2 protein chains.
Amino acid sequence: MEQIRQIMKQMISISGDELNEFLNQTITKTFKREETLSRPNSIPNEIYFINKGLIRTLITDNEGSEHTIHFALENQFIADYSNFIQKQPSLYTLKTVEETQVIVLPRSAIEWGYENLTDGQKMGRLIAEFYFIYQDDRIKNTYVRTPKQRYDNITDVFPNIHNRVPQHMIASYLGITAVHLSRLKKLQF
Amino acid sequence: MEQIRQIMKQMISISGDELNEFLNQTITKTFKREETLSRPNSIPNEIYFINKGLIRTLITDNEGSEHTIHFALENQFIADYSNFIQKQPSLYTLKTVEETQVIVLPRSAIEWGYENLTDGQKMGRLIAEFYFIYQDDRIKNTYVRTPKQRYDNITDVFPNIHNRVPQHMIASYLGITAVHLSRLKKLQF
DNA sequence: AGAAAATCTAAACATTTGTTATCGTTTCAA
DNA sequence: TTGAAACGATAACAAATGTTTAGATTTTCT
């Protein structure tokens, strides 16, 4: 539990007692490679904190093909946050890429935190702001950068990703086909 | 000021006194058509609430061409929120499309709200969550919908946009050229 | 260790999207 | 009010990206 304590302490002022009471409402789980944490058509009621491993968010379109929408690494929170907030059925699948250990934060713990932690609402604001900034950056890049440029800079956001994720998932994240990415890699610029 | 009062009351519990004290720190401004509210390379220190009118966010790429990233309508908050949060120089331009009246919320008022409004942090969380959900939806659509499908559904997010904004700006928002959008419109599906 | 599956590259061809130029219409500003 | 600029459609051609198939290599699972 040391990692999440440190991350939370970096975000807000929180006492050891508050941290304990909050983390007592969570459980730690381990998933094997390619296991599913969350499926479409169910309402997401959990947020995950990754102790170790790598999780991928994907969406399946009407033709049945999968699109990787996001990667989540160690020391990050991950969820179908939109549908968690809206209490609506998810369209996303959350799946491990490699063996992954997570801390499961159930909705009850999150809501308890908002009400009872001194800086609970602030922590919620900071997490939402963090992901807003990430998404804004991402959207901006689709307008002003080519797929090749986005590929060349992907390790800024996902360090070491090339050694942990097959290339076709990166292509999917970039919004292009695996074949096309393979072609782009040959280009000098 | 009636609109922003109503919107804020819908989001959080806030007394009339709190509202008055908060709104006393704001000013109302009117901009003509195609006027600039915020420019690149300066740190954004204001959030705007639109009483009437329409604002467009755009980014200029290295080749000098403009990309419309967002439209903001009546009763919405708008800013270069990422760089407002990060206190970093903006890459965006905020420009009115038509004559627009806004309430200007300076950074000082926002920070005062976080500290002094009973539900200040919660309001910040809800706004960040709202825009997170909007962006998530947008990113999702780029993966699973064609430009034509996104065009056909744009009024879900921006009602009446076709009567207020020239088509080439919509094309830009969709990430395609104006010529291509004109072509797509002829297609049945 | 060995068989099956996954991965990456490559080439040929198809489709989508961008670019440039033109034209008629509408909108805007002096 | 009028001339200039902006706008939207269209066509021809160019560039980017997708699709299918194949083959060689690596990884995974038993």
Side-chain angles (χ1 to χ4, degrees), chain A residues 31-36 53-54 56 58-68 71 95-100 141-152 154 160-189, chain B residues 31-36 53-54 56 58-68 71 95-100 141-152 154 160-189:
Chain A
F31 293 87
K32 293 196 200 118
R33 170 194 150 75
E34 289 291 322
E35 261 195 286
T36 298
L54 202 163
R56 171 170 71 110
L58 54 97
I59 189 167
T60 308
D61 67 22
N62 296 329
E63 282 77 41
S65 50
E66 295 184 344
H67 305 265
T68 296
F71 299 106
K95 209 182 239 189
T96 60
V97 173
E98 50 191 58
E99 180 168 303
T100 297
N141 283 336
T142 63
Y143 285 94
V144 299
R145 286 183 172 173
T146 63
K148 176 66 159 66
Q149 289 170 324
R150 283 183 278 135
Y151 175 77
D152 288 337
I154 196 167
N160 202 28
I161 192 78
H162 296 300
N163 301 315
R164 300 177 73 178
V165 166
Q167 219 151 75
H168 64 88
M169 289 182 191
I170 297 178
S172 175
Y173 174 80
L174 296 172
I176 60 177
T177 60
V179 174
H180 189 52
L181 176 56
S182 171
R183 196 161 32 193
L184 290 180
K185 284 171 63 183
K186 286 192 309 187
L187 303 180
Q188 196 155 9
F189 303 107
Chain B
F31 293 88
K32 294 196 197 117
R33 168 196 153 72
E34 289 291 322
E35 259 194 288
T36 298
L54 202 162
R56 169 170 73 110
L58 56 96
I59 188 167
T60 308
D61 67 20
N62 295 331
E63 282 77 41
S65 50
E66 295 185 344
H67 304 264
T68 296
F71 299 107
K95 208 181 238 190
T96 60
V97 173
E98 51 190 58
E99 180 169 302
T100 298
N141 283 337
T142 62
Y143 284 95
V144 300
R145 288 182 170 173
T146 63
K148 177 66 159 66
Q149 289 170 324
R150 282 183 280 137
Y151 175 77
D152 288 339
I154 197 168
N160 201 30
I161 192 80
H162 296 301
N163 300 317
R164 301 178 74 179
V165 167
Q167 219 154 75
H168 65 88
M169 289 183 191
I170 297 178
S172 176
Y173 175 80
L174 296 172
I176 60 178
T177 60
V179 175
H180 189 52
L181 175 57
S182 172
R183 195 160 35 192
L184 290 179
K185 283 171 66 183
K186 285 193 307 188
L187 302 180
Q188 196 154 10
F189 302 105

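Quick note on labels: first sequence line is chain A, next is B, and so on, each numbered from 1. Predicted model only: the values in this text are computed from it and were never measured.
- Rounded to whole Å, atom C1' of C:dT17 lies 13 Å from atom CG of B:L174.
- The main-chain N or O of B:S172 is never found under 3.5 Å from a side-chain atom of B:T68 such that the two would form a donor-acceptor pair.
- Computed from coordinates, the B:Y151 OH to D:dG8 C1' distance equals 11 Å when rounded to whole Å.
- For B:T177, a side-chain nitrogen or oxygen approaches OP1 or OP2 of C:dG18 to under 4.0 Å.
- Rounded to the nearest 0.5 angstrom, A:L174 CG and A:K148 NZ are separated by 11.5 Å.
- Here the nucleotide nearest the side chain of A:I176, chosen from C:dT7, D:dG8, D:dG18, is D:dG18.
- We find that CD of B:E98 is positioned 17 Å from C1' of D:dA6, with the value rounded to whole Å.
- With rounding to the nearest 0.5 angstrom, the CZ atom of A:R33 is 11.5 Å from the CG atom of A:L54.
- If you take CD of A:E34 and P of D:dT28, they are 10 Å apart, rounded to a whole angstrom.
- The side chain of A:R33 contributes an N or O atom lying less than 4.0 Å from OP1 or OP2 of D:dT28.
- In terms of polar N and O atoms assigned as donor or acceptor, the side chain of B:R183 never comes within less than 3.5 Å of the base of D:dG8 in a complementary pairing.
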**Message:** Working note: A:D61 + A:H67, criterion side chain to side chain contact (heavy atoms under 4.5 Å, CB included); need CA distance, chi angles, decisive distance, verdict.
**Reply:** CA-CA 8 Å; A:D61 67 22; A:H67 305 265; 2.8 Å; yes
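- One can place CD1 of A:I170 at 13 Å from C1' of C:dT7, the figure rounded to the nearest angstrom.
- The interatomic distance linking A:H168 (NE2) with D:dT19 (P) rounds to 16 Å, in whole Å.
- The NZ-C1' distance, from B:K185 to D:dG8, rounds to 8 Å in whole Å.
- Atoms OG1 and CZ, on B:T96 and B:R56 in that order, are 9.0 Å from each other to the nearest 0.5 Å.
- Look at A:Q167 and you'll find a side-chain N or O under 4.0 angstrom from OP1 or OP2 of C:dT9.
- Taking atom CD of A:E99 as the reference point, atom P of D:dT28 lies 13 Å away to the nearest angstrom.
- Residue order along DNA chain D, read from the 5' end via each residue's closest nucleotide, puts B:K186 first among B:K186 and A:G175.
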